[in-house]
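Here the structure is a predicted model, which is why all the values come from computation and not from measurement. Protein chains get the first letters and strands the later ones, always in sequence-line order, with residue 1 at the start of each. No hydrogens, no waters, no symmetry mates; every other heavy atom, side chains included, goes into these values.
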Number of protein chains: 2
Amino acid sequence: MVTASRPLRADAARNREKLLAAAAQLFAERGLDVPLEHIARRAEVSIGTLYKHFPTREAFVAAIFPERLAALDVIGEKALATPDPWQAFAGYLEDLYALQAEDRGLNDVLARDLPNAPEVVSACHRGAGHAEILIARGVEAGVLRPDYSIADVATLTRAMAQVIRDSPSEWRRFLSIYVEGLRTQSP
Amino acid sequence: MVTASRPLRADAARNREKLLAAAAQLFAERGLDVPLEHIARRAEVSIGTLYKHFPTREAFVAAIFPERLAALDVIGEKALATPDPWQAFAGYLEDLYALQAEDRGLNDVLARDLPNAPEVVSACHRGAGHAEILIARGVEAGVLRPDYSIADVATLTRAMAQVIRDSPSEWRRFLSIYVEGLRTQSP
DNA sequence: GGTTAAGTCGAGGGCTGCCTCGACTTTCGT
DNA sequence: ACGAAAGTCGAGGCAGCCCTCGACTTAACC
């Protein structure tokens, strides 16, 4: 049962795009909690119009982040294609947090449990799937501590989100210290 | 020039104590950002009276936390008295975060830069002094990575604050993974 | 017990952010 | 070029939190 909504009127389509652009920009700059009024202002659209197009903050998230989360798949594929299991896992983490560091909104999405939009959830699940394989490969190769699990990555992700917020220039160093601790043997 | 304020009236002293107790409790339960109105309510005192005794949130922090921060000195002394440099440093971190995990307010105080009260600041400085000695000893003994510094502890503290907030049952595990990574040689 | 400084109270004003709704304006098919 | 449907607008109500101030109450000292 597809609810075939008729096409948007020209001005409506224009406003929708302006809102999306403004939201994407502000989420990236200031995080998910930016006031909706600021988004409306930057889009040069009234608050009423904003609510017409996106009745909730979640609606913005659902419209903006699935595309951005595709990057997760890319770095997942890249890691899976890396032959050395240690390099694959460590590189995955590095790429993941580099992504988070570039976009405060994405940082928030991945760190909190909030995002309910099904497309966001499924993208996260795919990411977790990649991570699980990488962990399994690392453990099997004896290069990762055997009790390491996806839950540890989740915890790390929240910790990294905080480090990225507080001191954007320090996260690589922090990660490298953490990561060294995962190795059961030296290179 | 000591501004010898005359003693408080009996009812005022009583209210002051009720406010302190309420604030201590709510800070510990809900963190530093608890609404001042809630503190007044729990103390069974009007909001006006609250402001009379503690004109700012900082005033509460200054009244409550110096005592609590004394615990920092205790664990610092304990660590300095530990002969094995590795054990001393690792134990210090463990004790420090155990403290944070017990008190959301303390967790906030140590993680944010906020607290301006001189007594709070100096307690933090003393703590940092202890940590610096412990790091130096660890590095000298070749048991800590030689580039480790107090700034890394600061970053770790913010990260741990987040982990403690999100998943109070996971912080020990997270810390142990991080900590293992500091060792330059196996036990 | 009367005086008075000290203390208490809470309504209310300010601010920020969320969200709604009815009056107005624009598009678009005919 | 007209009318209906679609869209836009923004004032304003609501809520949470901050903080103040003037009217009232009370402890403390004589």
>> Under 4.0 Å from OP1 or OP2 of D/dT8: is there any side-chain N or O of A/H53 that close?
In response: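 Answer is yes, contact under 4.0 Å.
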> Roughly how many Å is it from NZ in A/K52 to P in C/dT20, rounded to a whole number?
Replying inline: 13 Å
> In whole angstroms, how far is the P atom of C/dT8 from the CZ atom of B/F54?
Replying inline: 11 Å
> Sub-3.5 Å donor-acceptor pair from the side chain of A/E58 to the main-chain atoms of A/N116, do we have one?
Replying inline: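 A pair under 3.5 Å: yes.
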> Looking at residues 9-27 of chain A, who's got a heavy atom less than 4.0 Å off DNA chain D?
Replying inline: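 The stretch gives A/R9, A/D11, A/A12, A/N15 as the residues lying under 4.0 Å from the strand, ordered by number.
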> Charged N to carboxylate O under 4.0 angstrom, A/D147 versus B/R173?
Replying inline: yes
> Do B/R42 and B/E29 sit within salt-bridge range, that is, some charged N less than 4.0 Å from a carboxylate O?
Replying inline: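 Judged by the 4.0 Å cut-off on N to carboxylate O distance, B/R42 and B/E29 do form a salt bridge.
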> Mind checking whether A/L80 and A/L144 sit in one hydrophobic cluster, side chains of I, L, V, M, F, W, Y counted as touching below 4.5 Å?
Replying inline: yes
>> Membership question, hydrophobic clusters at under 4.5 Å side-chain separation (ILVMFWY): are B/W86 and B/Y148 in the same one?
In response: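 B/Y148 and B/W86: one cluster.
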>> I'd like to compare against my own output: the B/S/- annotation of nucleotides 10-22 of chain D with a strict under-4.0 Å heavy-atom distance to protein.
In response: BB-----SBBB--
> Closest approach of A/D84 and A/Q87, non-hydrogen atoms and distance?
Replying inline: OD2-N, 2.8 Å
> Can you say whether the rings of B/F60 and B/F54 are parallel (under 30°), tilted (30 to 60°) or perpendicular (over 60°)?
Replying inline: parallel
>> In this structure, is the centre-to-centre distance between the rings of B/F174 and A/Y178 below 6.0 Å?
In response: yes
